[in-house]
Structure formats: structure tokens, C-alpha cells
There are 2 protein chains.
Amino acid sequence: MTTQRDKLREDVKFRVLRLLQDNPEMSQRALAQAVGISTGGIHYVLNALVEKGMLKLGNFTAAEDKRRYAYVLTPKGIAAKADLTRRFMIRKLAEYDALKAEIEEVRADLSEQDLADIRATLKAGN
Amino acid sequence: MTTQRDKLREDVKFRVLRLLQDNPEMSQRALAQAVGISTGGIHYVLNALVEKGMLKLGNFTAAEDKRRYAYVLTPKGIAAKADLTRRFMIRKLAEYDALKAEIEEVRADLSEQDLADIRATLKAGN
DNA sequence: CTGAAGTGTTCACAGATTGAACAGGTGAAA
DNA sequence: TTTCACCTGTTCAATCTGTGAACACTTCAG
């Protein structure tokens, strides 16, 4: 089942595209952290997106900083993101239902006291 | 962030313990499939649980089948499972909220038509 | 008695993932 | 100007991880 990994990869691509559409001047490291992967990893993903023609490297505006790029979505990238959005939605809604069902199922194994403790824990910070 | 992986590992342990408590005579392959990992992987997990004293290998009842084991939870295993249940619940409730929030956020990017299509897709089988 | 099928177990391998290190740009301070 | 700490994107060796084919063994139907 490489399916699981593929899902995570697709999530990453979607989130990257989404983040960049709203803020094309994010640094690779900021993206990496936001998405939850390493610097090497984000670089790999960005390169892939550029080679597929979904992103193009614009020049960074502020002070003409020659180190950085602005990663702007191409029309193709915008279309791909729209498609990924639909697929993401479908996947997440399914996950949502599954999660809901599993929570309900496991809840039966917990005492009232446990549940009260858990609610208290969640009220506080993690 | 190895945290993400650790979560998955803990989910696996919890689900294995949960499955075995209800049905100690499941085969490794059945467990593997139910939990979504490979045969090698499940064997590794079971060994770890046995070495930590949470499972003990009983003898399989039906026809005295010498190939198979029954994986029965020790008292320690039962306690560990109870603890994992609470932690699982906390984690999943947090995931549930996060997922809900993300879905709500992404929903704004989709048209009514898209949403209708998605609902139709979900009504059918994937 | 034979052979197919099911069991737990092993392990070499492929692929993914990391994060330290690098070359270079920037900007403030000396 | 020169220096230097800090920030870019980029690379890649090393590490981690999960996989699934293969193995020895047991069972049981034909």
C-alpha cells in the first residue's frame, strides 16, 4: 500500500499550491515548516511543480532580493490546484466520516470519568 | 518532526491491541490487513508488544493448530491499552477538530457545482 | 502419501526523508 | 570599504522505514 504515502504527497502538493496562491513570496523554509516536511523535501516538491509547469519562478519584489524567488502559479497551476482542491475535499470528507465513526466506536470503551478528563485536557492546551 | 510517524506507530499499536482483545486468534496477516501494514511490519509490532510484556503467546484452541498463536493481552497489556485508548481519543478529537476546520476553510474555494459533484461522488462508492 | 494452502518468520532491497553543509546575496556595523 | 552575521536556495550522503517475496513448518483434503 503505497497509497497512504501517495495521499500524503498529494496533501503536500495541495497545501503548497494553496499557500503559494495566497502568498507567493514565502521562503522554502517557511513553506517546509508550514507543510511539515524538511528543507530538502520542499525543494524537491517545488522543483517538481516547476517542471510540471504549475509554478513559475518570478522575481522577488521587495528590494529586488536576488536570493529569493516568488513562486507564482501558472494558469496550469491554478487549474491543477482547483482539481486538487476537489480531490482533497472528497478525501477529507471521507476521512472525516471515518474518524467520526472510529471516535464513536472507541468512546464506548471509556468511562464517564475518562471522558471528563479528556474534555478537561482538551480545554487546556494539549 | 518524527512526531507524525510516532503518531502512526501509536495508532497501529492501539488498533492491534484493540483487535486482539476482542479476537486473540486473528492471524498476523489478517491483523496486517486490518491495520493497513505489511506482514513484516505486523510481525515487528507484535514482537515488540510481546517483549514489552503486553501480549503473551497462548496456544491456539481450534484443533490444537501448532502453526498459530493466540495473542492474549496480559494485565499489563490491558492497562496499556486503556492508556492508549485515552491518548488515542484525545489525539483523534483534536484531529477531528483540525480536519473540520480545514474542510470548512477549503470549502470556501469550491463552487456550488463542485460541492454538488462531490456529494454525488460520495453517495456512490468512492 | 502428496501437494496445496495456511502459519509465523526473516531479510535484502527500494524509496523516502532528513538535515548538515555549501555557495552566494544582503545589509548593518566598524 | 571591509567585515561578518544572517538569510537565501540547493545538494547529497546517510539514515530510516516499510515492503513483500521467500523460507521452514504444519495441516488437511484428495
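We use all heavy atoms of the structure for the numbers below, so side chains are in, but hydrogens, waters and symmetry mates are not. The chains referred to below are lettered A, B, ... by the order of the sequence lines, with proteins before strands, and numbering in each begins at 1.
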Dump the pairs, protein N or O against N or O of nucleotides 14-17 of chain C, anything under 3.5 Å, distances to one decimal.
| from | atom 1 | to | atom 2 | distance (Å) |
| --- | --- | --- | --- | --- |
| C/dT17 | OP2 | A/R9 | NH2 | 3.0 |

Can you give me the N/O atom pairs linking the protein to nucleotides 9-11 of chain D at distances under 3.5 Å, or say none if there are none?
| from | atom 1 | to | atom 2 | distance (Å) |
| --- | --- | --- | --- | --- |
| D/dG9 | OP1 | A/Q28 | N | 3.4 |
| D/dG9 | OP2 | A/Q28 | N | 3.2 |
| D/dG9 | N7 | A/R29 | NH1 | 2.8 |
| D/dG9 | O6 | A/R29 | NH2 | 3.1 |
| D/dT10 | OP2 | A/Q28 | NE2 | 2.9 |
| D/dT10 | OP2 | A/H43 | NE2 | 2.8 |
| D/dT10 | O5' | A/H43 | NE2 | 2.8 |

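Going from atom CD of B/Q33 over to atom P of D/dG18 covers 18 Å, rounded to whole Å. If you take CD of A/E25 and C1' of D/dT8, they are 14 Å apart, rounded to a whole angstrom. At whole-Å resolution of the value, CG in A/D6 and C1' in D/dT19 are 14 Å apart.
A/T74 contributes a side-chain N or O that, together with a main-chain N or O of A/G53, makes up a donor-acceptor pair within less than 3.5 Å.
B/Q21 meets the side-chain hydrogen bond (donor to acceptor under 3.5 Å, both in side chains) test with B/K81; sequence neighbours excluded. Applying the side-chain hydrogen bond (donor to acceptor under 3.5 Å, both in side chains) criterion to A/R107, with sequence neighbours excluded, gives A/E104. In terms of the salt bridge (Lys or Arg N to Asp or Glu O under 4.0 Å) criterion, residue partners of A/E112 (sequence neighbours excluded) are, by chain and number, A/R119. Partners of B/D117 under the side-chain hydrogen bond (donor to acceptor under 3.5 Å, both in side chains) rule, at least two apart in sequence or in another chain, are B/Q113.
Looking at B/K13 and B/E10, no side-chain N of the basic residue comes within less than 4.0 Å of a carboxylate O on the acidic one, giving no salt bridge.
The shortest side-chain heavy-atom distance between A/R18 and B/V106 falls under the 4.5 Å cut-off.
In B/K92, the NZ atom is crowded: over 12 heavy atoms of neighbouring residues, nucleotides or ligands sit closer than 6.0 Å.
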